[in-house]
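Input: a single structure, listed below in structure tokens.
Predicted model, so just to flag it, every value in this text is computed and none were measured. Just so we're on the same page: letters track the sequence lines, and every chain starts at 1.
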Amino acid sequence: MSDNQKNLNEIKKFRLEKLKFLKDNNIDPFPHNFDKNNNIIEIKNDSKKYENHDISIAGRIISIRKMGKSSFLNVKDMSGKIQVYTNNQNLSNDEYDLVVRKLDIGDIVGIKGSVFYTKTQELSIKANKVELLSKNLHPLPNMKEKDGELFFSFDDKEQRYRKRYLDLIINDDSRDVFISRFNIINSIRNYLNINSFIEVETPVLQPVYGGANAKPFTTYHNSLDQNLFLRIADELYLKRLIVGGFEKVYEISKNFRNEGMDKNHNPEFTMLEFYSAYSDVYDMMELTEGMIKNLVKEMKLEVNGIDFKKNFDVFSFFDVLDKYSNIKISEMNTKEIHSVMKNNNIPLDKTYGYAKSLDKAFSFFVEPKLINPTFIINYPIELSPLAKVERNSNGKIVERFELFMNKMEIANSFSELNNPIDQKERFLAQQKLKDSGDEEAQVLDNDFIEALEVGMPPTGGVGIGIDRLVMILTNKKSIKDVILFPAMKNEHSNT
RNA sequence: GACUCUGUAGCUCAGUAGGUAGAGCAGCACCCUUUUAAGGUGAUGGUCGCAGGUUCGAUCCCUGCCAGAGUCACCA
């Protein structure tokens, strides 16, 4: 690859020559620190206060206009950008000739000087000290802009994901997404903390994986001499903590699932799970709705087409399925549902049982309609092996909700099954599915059963896919846009 | 996994009904002390994703492969 980058190598060669020039003149191109006293945004927001005052800023040069004995630099820090004016009179000790004339776009500089307005009334800094803080050796993509609009922008999605640091330097929108992501997680964390939840950490490397139906990644520990699995969910460990006497716990962490990738799926993704003892699924609904409303309000988010202000809708699984399909699917058997699927061109596999078929029908008829936040409750037991039976039902319905918005499922919650005998039977049923070839079926976890035998209080639990929530709240269509370094295949197969 | 589209200079893109490629920006040299998508002059910069095939000749046509995007399928 490097051999056919002659032009790039030439640019690097020139930069290296500049490095040498600086060193020959006793200028360290990579000094150890800089006394940065001001963020650029402060100066811009309060320009009257700073006019004619001394300030010091630092940041990356995003454009240069060299004009012989004077030069303009546009410098960008985390907070904003500002123009810097330099000339060979205001700088001391040949600084203009030795430093400024050698500057490149992409260099990181420290600037000391005073705030003033140019002839065209642009707020600027007249530099009396320009210090190179880090030399750019690899050129940046185009950064020409006018009135905040980029020209020839850095647009190639693949390169933006692979070289996220360039994306962040150049595309403010991209950086803002990750600041929003931070704020969203921060708001959630505060909300849970205020509600007396304790944040915990449970193992990523697990001898037995569980808590969801998914294919795991496997790895190997040398000194234990045993295989380990990367977690697919936090669930079983968090419930052990409820057994242990923690009454409210949560964890925000990466899960890993060895499955397909698309705009809604990354092999590692961030999940929030929280569990509350002596609570049921309806308590968790209230808590979840409060959490999301609080965060939308706190962040003053404007989300396209979604109304977070009114109370979230609550529909029963079968009611809403019958309503949107205009058929009494709730009264049908597997065979009848299959024929409905055929009539609507829903992809059908003959191995689909009752539960799977219902799930498919729901995805087809109902999910596309769920734009505003909507709780779906009263799921059929066949779809919900970890949930308690609904207290007033005939045993065919469980206490569970899923929260949908913008056609996506973003939360899943149960009144958690705490009967160890029942739980063991359900594990064994999963084991049978696994033996007959279902790679995503769950594995019997004897230690977890033993924990339930010790006794777990009635507990409500919720899982929320953070990446998807961030997608919705930042109006992004791909999960890759809300993950800093999304999974990508090697660019060249033999590297 | 299936289908469609994309891959040309560091970046953004042209282009050739098949005769080994152009522009803007960046970079280089020179001029320029309030410019701002600064400007002017000049000179650079490419195995046209990779590998085969057809052809006198391929960046262009064909096949395979690699990577990405989009749709669909599976899963959160």
Quiz item: B/G68, B/G45, B/C11: which one has an atom nearest the side-chain heavy atoms of A/E10?
Solution: B/G45

Quiz item: Taking only side-chain nitrogens and oxygens of A/K263, does any of them come within less than 4.0 Å of OP1 or OP2 of B/G70?
Solution: no

Practice problem: Give A/N88 one of three labels, base, sugar-phosphate or nothing, depending on what nucleic acid heavy atoms sit under 4.0 Å from its own. | Solution: base

Self-check item: Any donor-acceptor N/O pair under 3.5 Å between B/U35 base and A/Q83 side chain
Solution: yes

Quiz item: Hey, would you say the A/Y250 and A/F274 ring centroids sit under 6.0 Å apart?
Solution: no

Quiz item: Under 4.0 Å between a side-chain N or O of A/K360 and OP1 or OP2 of B/A73?
Solution: no

Quiz item: Under the 3.5 Å rule, do the base of B/U33 and the side chain of A/Q89 count as making a donor-acceptor pair?
Solution: yes

Quiz prompt | B/U35 base stacked by A/F72 (centroids within less than 5.5 Å, tilt under 30°) | solution = yes

Quiz item: Think A/K388 forms a cation-pi with A/F414, using NZ or CZ under 6.0 Å from the six-ring centre and within 45 degrees of its axis?
Solution: no

Exercise. Verify side-chain contact (heavy atoms from CB on, under 4.5 Å) between A/F72 and A/K66, making sure each step is shown before the conclusion.
Key: CA-CA 6 Å; A/F72 290 89; A/K66 292 183 183 174; over 6 Å; no

Self-check item: N/O donor-acceptor pair, side chain A/Y85 with base B/U33, under 3.5 angstrom
Solution: yes

Exercise. Quote, to the nearest angstrom, the P distance that separates B/G52 from B/U12.
Key: 28 Å

Quiz item: Between the side-chain atoms of A/T118 and the base atoms of B/U35, is any donor-acceptor pair under 3.5 Å?
Solution: yes

Quiz prompt | A/R164 to A/F485 six-membered ring, cation-pi geometry met (6.0 Å, 45°) | solution = no

